[in-house]
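Have a look at the structure below, then the notes.
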Amino acid sequence: MKSFLLFLFLSSVSVFTNGQEQLKISTPQQLRKNPYSELPLGAIKPSGWLKEMLVRQKNGATGKLDELYPLVMNKRNGWLGGDGDQWERGPYWLDGLLPLAYILDDKELIAKTKPWVEWSIQSQQPDGYFGPSKDYPQEAGIQRDNSRDWWPKMVMLKVLKQYYMATKDQRVIALMTKYFQYQLKELPKTPLDNWTFWARYRGADNLMVVYWLYNITHDSFLLELGEIIHQQTFDYTDAFLNTGLLSTTASIHGVNLAQGFKAPIIYYQSHPAQKYINAVKQGLKDLMKYNGTANGMYGADEALHGNNPTQGAELCSAVELMFSLESMLEITGDVGFADHTERIAFNALPTQTTEDYLTRQYFQQANQVMITRHIRNFDINHKGTDLCYGLLTGYPCCTSNMHQGWPKFTQNLWYNSADSGIAALLYAPNEMKALVAGNVQIAVKEQTAYPFEEKIRFILTIDQKKKVVHFPFHLRIPAWCKKADIKINGQLWKKVDGNQVVKIDRDWKNGDVVELELPMHIFRNNWYENSKSIERGPIVYALKIGEAYSKVKNESDPVDFGNEFYEIRPTTAWNYGLPLMKEDEVEKNFKVEKPTSFVANYPWNVMNAPVVIRTKGKKIPSWQLYNEMAGPIPFSVSYDLELNSATEDIVLVPYGCTRLRISQFPEVRK
């Protein structure tokens, strides 16, 4: 049951639920200043493999979803004024398409976003409401009801925020101001969960835009509205600190959880009490303890479903948890949020879409040895299509929502810092421009093949009118890194420990070069049934399995699951255990190799894997297929477990390069 927190109030507003007055709640007079803030959309330009990912999105489903999914993304969509889909799917698509368009500065993609943005702005009614407002009778494959639900507006608010960050179109500020005045009036009598329960669990998406707008306009009513939204949102702070939510199977929907994780820290901006930080850290710890898998995700197919590596993790959950972690990173600067973001981005995210970005999985498994249409032990099965790669397999929410992952990762590579500097808190090849030291323009080229190499090189370009500019440069040192080297212009500046943000505060001149070296060592983590993951830096390594693809023409239910999809079956053995070994034996038993001297533009397949690890394994004859999945994983280390007598050479490749895989291995006695 939601608990309401009563603060010593400076000013107050009454909260009503279904017409009943509940509490007088305190309203803060200002927001806390965050250590980091986003750069304008488009200020960060990807290069190398990251640019290739975004270009593949442009040429794939992100850039062509209106053509590939016309049932929903056509002119009938309610967010274009039509009588078709009125709910979340249109805004979901725009939430990835729009940042992709402006990051790539792609005129064709920008033109695709314009009708949606323009209709949304022009749809605003005199009372401040915007968006679809009329329900229609049921029609197969689209959502035509609950048009006035608060939830889809939250997604479009995120879209409009990004649009403003790219264009500074003042109509966005006017629309949001009027809409939030409407919410202030309407929410007490028509709360977040009036139409559906989704908005109650996802209210932080609403709240974060309210706070963003406040930092621009400083309208005090926005802080009053923030209190109402917070009180009507599911109480994640209490749930993480005081309940068994995350240790209880089926206690919460997986995507709700991914989006809701940021709720305590979003609210922390107005009430900076330590408990909100503690709640999220305890929540993430418990999530991984009771439900976590090696790829950085958790069993939730769709409700929370434990940590067996054959439970599913939804693609929507991956991109939404990344966005929550990125949002919390900006507010706190916490290294753990950045590390977890990279764990998902470099493992779970690339494997759940195909190379052409035209099809995707609804669920992925950490141990995934057969991808077929089959009913499995998931909380929800969509006629067995959930693992198959298709445009609409599983459920179409991910078809619409998957597009935000890489663009928002790109947008969060850099921040301005509160001390008038810059911060590189996530790493990938890119170039960026920013203002520092008041109003001095700089540019930084980040040269790297990270996460496949250890070195990151930053080349600074300073405004030619300034010979020297003084500003701080913040660099994250991941927790997995034992000791990092930082060089400036070829000279060692400092050796630093991992799990911190290091600040280089000095005078900078044009052409200065900062080199960050993050030595990667092989280490293991423990998971379900004491299974082991093999990791190096931010990448989890998985067994290389031969893959046989087959395209299936779907003649039974194409409206629901698409006209075709792909199944993948193994062509080589997968049932290997790793020999028991002590920690000081790990390095000598796992040999790192780099098949080529360069990292391919597209590194996320087995053929292009930039780094492989060779080791030894033993087959476990009793570990066989069960229900077209890897059977129950043998407990490490089972006594008298039957093993093949021969030890075999096996190859591990980056998790993100695989479609079939074992990433959590049983450990066996020699």
Side-chain angles (χ1 to χ4, degrees), residues 35-40 42-51 54 103 326 329-330 333 335 338-339 341-342 345-346 409-437 440-464 466-478 480-481 483-520 537-538 598-599:
Y36 301 108
S37 57
E38 279 186 278
L39 298 180
I44 304 169
K45 299 297 185 185
S47 56
W49 69 260
L50 183 57
K51 182 177 181 179
L54 297 192
I103 288 170
E326 291 156 357
L329 176 62
E330 178 184 358
V335 172
D339 287 354
T341 301
E342 289 190 349
F346 300 148
F409 177 78
T410 303
Q411 174 66 8
N412 285 277
L413 292 171
W414 290 93
Y415 301 96
N416 271 128
S417 59
D419 53 11
S420 298
I422 53 172
L425 301 186
L426 300 169
Y427 298 125
N430 72 90
E431 299 180 28
M432 76 86 174
K433 293 180 179 179
L435 296 176
V436 298
V440 179
Q441 171 115 8
I442 67 162
V444 182
K445 180 180 289 187
E446 183 174 341
Q447 295 178 330
T448 186
Y450 183 91
F452 304 108
E453 72 174 16
E454 301 170 329
K455 293 183 179 180
I456 306 169
R457 194 166 185 258
F458 304 93
I459 305 171
L460 280 69
T461 301
I462 308 294
D463 187 334
Q464 294 296 319
K466 300 279 187 179
K467 291 185 177 180
V468 174
V469 181
H470 189 102
F471 62 89
F473 189 161
H474 300 236
L475 290 170
R476 161 183 146 261
I477 313 300
W480 51 258
C481 182
K483 186 77 73 171
D485 286 352
I486 300 174
K487 295 179 181 178
I488 300 176
N489 298 327
Q491 299 297 313
L492 181 65
W493 177 73
K494 190 178 289 187
K495 287 183 176 288
V496 295
D497 294 332
N499 199 27
Q500 63 171 315
V501 174
V502 174
K503 182 166 69 172
I504 310 172
D505 196 357
R506 71 189 295 270
D507 291 334
W508 300 94
K509 64 182 185 301
N510 191 52
D512 279 346
V513 176
V514 177
E515 293 174 280
L516 174 63
E517 185 166 359
L518 302 171
M520 297 179 184
F598 64 93
V599 174

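Using a 4.5 Å heavy-atom threshold, the side chains of Glu330 and Leu425 count as separate. Residues Lys483 and Asp497 meet the side-chain proximity criterion, which asks for heavy atoms closer than 4.5 Å. Between Leu39 and Met432 there is a side-chain heavy-atom pair separated by less than 4.5 Å. Side-chain atoms of Leu475 and Val496, non-hydrogen and from C-beta on, never get closer than 4.5 Å to each other.
In this structure, the separation between CG on Leu460 and NZ on Lys445 is 12.0 Å, given to the nearest 0.5 Å. For the atom pair CH2 of Trp49 and OG1 of Thr448, the computed distance is 10.0 Å after rounding to the nearest 0.5 Å. With rounding to the nearest 0.5 Å, the separation of NE2 in His470 from CZ in Arg506 is 9.5 Å. Here Lys455 contributes atom NZ and Glu517 contributes atom CD; the two are 5.0 Å apart, rounded to the nearest 0.5 Å. Ile456 CD1 to Leu516 CG: the interatomic distance, rounded to the nearest 0.5 Å, is 5.0 Å. Atoms CG and OG1, from Leu426 and Thr341 in turn, are 5.5 Å apart once rounded to the nearest 0.5 Å.
Counting all heavy atoms, side chain and backbone alike, Glu454 lies closest to Met520 at OE2-N, 2.8 Å. Heavy-atom minimum distance, Lys503 versus Trp493: O-CH2, 3.8 Å. Taking each heavy atom of Tyr36 and Gly333 in turn, the nearest pair found is CE1-CA, 3.6 Å. Shown here for Phe471 and Ser420, the closest heavy-atom pair between the two residues is CB-O, 3.7 Å. Gly511 and Asn489 get closest at one heavy-atom pair: O-OD1, 4.3 Å. Here the closest heavy-atom approach between residue Ala484 and residue Pro519 is recorded as CA-CD, 4.2 Å.
In this structure, the side chain of Asn416 engages the main chain of Leu435 through a donor-acceptor pair within 3.5 Å. A donor-acceptor pair is defined here as one N or O able to donate and one able to accept, closer than 3.5 Å; no such pair exists between the side chain of Lys495 and the backbone of Ile486. Judged by distance alone, with hydrogens and angles left aside, the side-chain atoms of Glu515 form no donor-acceptor pair with the main-chain N or O of Leu492 at under 3.5 Å. No donor-acceptor pair closer than 3.5 Å links the side chain of Asp485 to the backbone N or O of Leu518.
In terms of the ring pair (Phe, Tyr, Trp, His ring centres under 6.0 Å) criterion, residue partners of Tyr427 (sequence neighbours excluded) are, by chain and number, Tyr450.
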Set out, in order, the CA-CA distance, both residues' side-chain angles and the distance that settles side chain to side chain contact (heavy atoms under 4.5 Å, CB included) for Ile504 and Lys494, then state yes or no. CA-CA 10 Å; Ile504 310 172; Lys494 190 178 289 187; over 6 Å; no
Worked check of side chain to side chain contact (heavy atoms under 4.5 Å, CB included) between Ile422 and Ile442: CA-CA 10 Å; Ile422 53 172; Ile442 67 162; 3.8 Å; yes
Please report the C-alpha distance between Val335 and Val501 in whole Å, then the side-chain angles of each, then the deciding distance to 0.1 Å, and finally whether the side chain to side chain contact (heavy atoms under 4.5 Å, CB included) criterion is met. CA-CA 7 Å; Val335 172; Val501 174; 3.9 Å; yes
Test log, rule side chain to side chain contact (heavy atoms under 4.5 Å, CB included), inputs Val513 and Lys487: CA-CA 8 Å; Val513 176; Lys487 295 179 181 178; over 6 Å; no
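Side chains of Asn430 and Glu446: a donor on one and an acceptor on the other come within 3.5 Å.
In this structure, Phe473 and Trp414 have tilted ring planes: the angle between them lies in the 30° to 60° band.
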